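To start, the structure under review is shown below, and the notes come after it.
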Amino acid sequence: MTMSESGGTYIDNFPAEARVVRSALYSSFLALALGGLFGIIQTLHRTDIYRFIESDMYYTVLTAHGVFLVVTFTIFFLVGVFTWAVTTSLDRGVEDIRFTWLWYGLMTIGTVMAAAAILAGFTDSIDMSADVLFTFYAPLQAHWLFYLGLVVFVVGTWLAGADWFRSWWAWKQENPDERIPLPTFMVLTTMLMWYIATIGIAVSILVFLLPWSLGIIDSVNPTLTRTLFWFWGHPVVYFWLLPAYMMWYVMLPKISGGKLFSDPLARVVFILFLLLSTPVGIHHQYLDPGIAEGFKFIAMTNTMFLLLPSLLTAFTVVASMEHGARQRGGTGYFGWLKALPWRDPVFAGMALAGLMFAAGGFSGMINAGMNINYLVHNTLWVPGHFHLTVGTASALTFMAATYWLLPQLTGKALWNRSVALVQVVLWFLGMTFMSNSMHRAGLLGIPRRTAEPQYQGFEFEAGVGSVAELDFQLALGGALLAISIVLFLANVVGTAFNGRSDDLPANEFAETLSGPEDSPQVLDNLKLWTAIAVVLVILAYSFPLMSIVDRGGLYGPDISPFPVSIETLSLLAFTLEQYTTAAIATTGEFVQTTLTGVIR
Amino acid sequence: MGQAIEKPEEKREIGHDEYNPVGTLALILLYFVLLVFLWFFMYFVEFLGNDPTVVGTVVASGVVG
């Protein structure tokens with residue numbers, strides 16, 4: 001892979017970009033600190049170990065925990081690491097640094113607006129609140145500032161994507177015959193997915209929730225806003241995950257002492273995520289009465305296909321690590337694991353995150369099954385699941401990656417590697433306790449999103465252990481995670497105040513065993529994959545959305561300012577069907593030739 | 001403090017054709033066995049008892065229906 005000629009650190013080669021990336025990462029860590037604080041408050045409250053807030057404030061805490069961690073922390077990290085990836089792999093700075101600061105500024109302003117609305121919920125002196133949780137669909141209503149903040153934030157991410165596309169187009173003019181470098185390819189496919197996914201949330205906010213919160217419209221159709229939320233709410237989980245995947249593909253092999261096993265396979269994985277991330281959102285709504293079982297079944301089928309790219313990733317990433325281990329002298333079927341650099345916090349953090357993700361894969365399969373989902377729906381099992389995925393696979397990878405990135409961005413050595421190693425291991429241990437107890441509690445039917453899951457005249461029966469034991473594990477895990485966050489932040493601050501170091505490794509990413517030249521050119525045809533992705537979304541969503549509007553009205557059952565006639569709907573449905581069948585038939589051939597080319 | 005990454009001590013170079021990821025295969029088989037076990041276990045958790053999803057006992061007698 002091409003690297004900067006100078007072979008220096010990132011800040012040596014791209015000082016202006018390093019400032020933006022650093023700012024994005026610091027914003028992300030500030031959100032981590034706040035979100036983590038609300039996390040431990042919530043853990044101690046619901047386990048009844050220490051309650052110092054009123055239970056009616058629990059939703060404010062829960063909203064802050066959710067929004068700050070899964071929107072602010074993850075996405076600010078994403079834009080930082082994606083800027084690093086594009087500039088490093090194209091070996092060129094951004095086209096206009098003012099534009100880069102513009103989208104960073106928009107994201108920051110949006111965050112401040114949404115955060116103000118959420119945090120105002122803690123005081124009665126301001127008539128403002130946004131206790132709507134991260135899943136901010138109706139009937140819960142937030143202050144308009146919350147929705148407007150989200151809009152500004154999302155527009156910021158759109159412009160960030162435009163910035164990276166602009167870099168790629170400029171690079172392509174100068175390198176017309178070259179394949180897209182892998183990190184840039186991953187960034188672009190992820191952003192295409194994001195553009196499609198955010199249509200749902202843009203419509204939900206701009207057409208329904210924002211006018212509703214401003215009093216312009218009187219009511220909304222809750223099922224419609226839920227469905228539009230999940231249209232975005234599932235792909236957003238891949239928006240959290242794909243930066244972590246990118247680091248597993250482009251950094252982990254190198255840190256293991258080896259090379260990426262297959263560049264073509266990595267491209268296929270990201271294309272599959274672009275295609276399949278969005279047409280699955282209805283699997284979050286298996287228990288919604290307003291959606292027919294058939295539509296749910298289609299969502300389930302798509303979801304099961306979505307396991308494929310994650311399993312492909314498990315194979316490619318582990319095979320790349322094994323390559324490193326064998327080059328370092330590892331032998332045997334399992335003995336090679338000992339040859340991996342477990343004392344390196346960057347490696348240990350990412351590898352442990354991957355291991356946790358394998359466990360999250362199983363609970364995800366349970367969630368995805370329509371019938372089994374009934375067992376765990378709305379129970380503590382579900383937070384148990386996503387604390388393994390976004391809470392560990394993403395978060396722990398981001399923290400481990402920071403130990404590599406921060407010296408690159410500041411030119412300063414990491415403050416303390418031992419603290420870093422303890423930190424990643426503590427996260428792993430803490431999450432083992434917390435997530436295990438959450439999954440088990442969910443199986444007993446203990447609900448999620450509840451301040452006091454204790455009921456008069458009713459006791460949950462634990463098959464193994466007891467509810468008190470589960471509560472203890474949950475609180476212990478939460479406490480370890482809180483300590484881990486403190487250690488992480490200490491390392492970030494310590495590094496920021498370190499002196500400049502001349503002894504840093506060059507800004508490089510992993511080489512490949514099998515490079516892009518081994519894959520068909522069509523993999524880089526982003527227009528084709530985007531077109532197929534759009535068709536799949538239309539197939540999965542047009543009929544459910546039409547039937548929801550048909551049943552409940554566009555603006556809810558009470559008022560219907562835009563009367564919807566059944567005749568026009570069925571005509572529209574028929575035209576759509578004809579259209580998509582034709583489109584699928586033509587793209588089908590493309591897919592077939594591509595797959596044969598890739599598998600060969 | 002040292003560098004952010006320890007320099008991997010590469011002992012030998014293994015190319016594309018000589019590399020055979022048997023360790024990866026071993027791990028994947030292990031994961032597969034674990035998944036099968038968990039699915040099997042789930043059968044006992046969910047279906048064998050044939051109980052409703054929320055499992056528990058109502059202790060008080062004065063529950064208004």
Side-chain angles (χ1 to χ4, degrees), chain A residues 254-258 261 314-315 318-319 321-330 332-337 341 343-344 346-347 358 361-362 365-366 372 374-377 379 403-408 413-417 443-445 456-461 463 498 501 503-505 513-514, chain B:
Chain A
K254 186 179 175 55
I255 293 162
S256 313
F261 186 69
F315 169 75
V318 174
M321 280 162 48
E322 187 188 347
H323 180 251
R326 299 220 182 267
Q327 290 203 141
R328 294 162 65 99
Y333 282 104
F334 296 105
W336 59 273
L337 288 164
R343 290 183 174 279
D344 181 348
V346 183
F347 174 83
F362 175 74
M365 290 175 212
I366 297 285
I372 312 299
Y374 295 170
L375 170 68
V376 295
H377 203 98
T379 69
Y403 295 139
W404 189 85
L405 276 172
L406 213 52
Q408 291 294 325
L414 190 67
W415 174 60
N416 194 315
R417 278 172 60 92
L443 288 178
L444 307 181
Q456 268 189 343
F458 179 83
E459 268 174 28
F460 292 106
E461 266 175 16
N498 240 347
S501 164
D503 191 27
L504 295 171
L513 275 177
S514 164
Chain B
M1 276 295 129
Q3 300 179 345
I5 313 183
E6 42 184 78
K7 270 263 176 278
E9 309 147 29
E10 218 169 278
K11 291 190 176 158
R12 53 188 164 146
E13 182 78 34
I14 302 175
H16 182 268
D17 294 337
E18 353 156 42
Y19 176 48
N20 203 2
V22 283
T24 304
L25 180 68
L27 282 186
I28 286 175
L29 287 177
L30 202 67
Y31 185 54
F32 179 72
V33 169
L34 181 73
L35 285 186
V36 170
F37 167 77
L38 285 171
W39 274 105
F40 187 68
F41 177 66
M42 187 193 68
Y43 171 77
F44 286 91
V45 171
E46 172 59 354
F47 296 113
L48 210 59
N50 215 16
D51 274 342
T53 295
V54 176
V55 187
T57 19
V58 176
V59 238
S61 50
V63 180
V64 184

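A quick note: this is a predicted structure, and the numbers were derived from the prediction, not measured. All chains are named by letter (A, B, ...) in the order of the sequence lines, taking the proteins before the strands, and each is independently numbered beginning at 1. No hydrogens, no waters, no symmetry mates; every other heavy atom, side chains included, goes into these values.
Atoms CZ and CD1, on R328(A) and I14(B) in that order, are 12.5 Å from each other to the nearest 0.5 Å. Atoms CG and CZ, on L27(B) and F315(A) in that order, are 11.5 Å from each other to the nearest 0.5 Å.
Top candidate by heavy-atom pairs under 4.5 Å with chain A, chosen from A26(B), G23(B), P21(B), is G23(B). Interface check for chain B: of the options G324(A), G361(A), A358(A), the most heavy-atom pairs under 4.5 Å are formed by A358(A).
Neither the backbone nor the side chain of L406(A) comes within less than 4.5 Å of any heavy atom of chain B. Heavy atoms closer than 4.5 Å to chain A are found in both the backbone and the side chain of L38(B).
A donor-acceptor pair under 3.5 Å is absent between the side-chain atoms of Y19(B) and the main chain of F261(A), judged by distance alone. In terms of modelled atom types and a separation under 3.5 Å, the side chain of R326(A) and the main chain of R12(B) share no donor-acceptor contact.
Other residues, nucleotides and ligands contribute over 12 non-hydrogen atoms within 6.0 Å of the CZ atom of F334(A).
The minimum heavy-atom distance between M365(A) and L35(B), with the atom names listed, is CE-CD1, 3.8 Å. Looking at every heavy atom in both residues, W336(A) comes nearest to T24(B) through CZ2-N, 4.2 Å.
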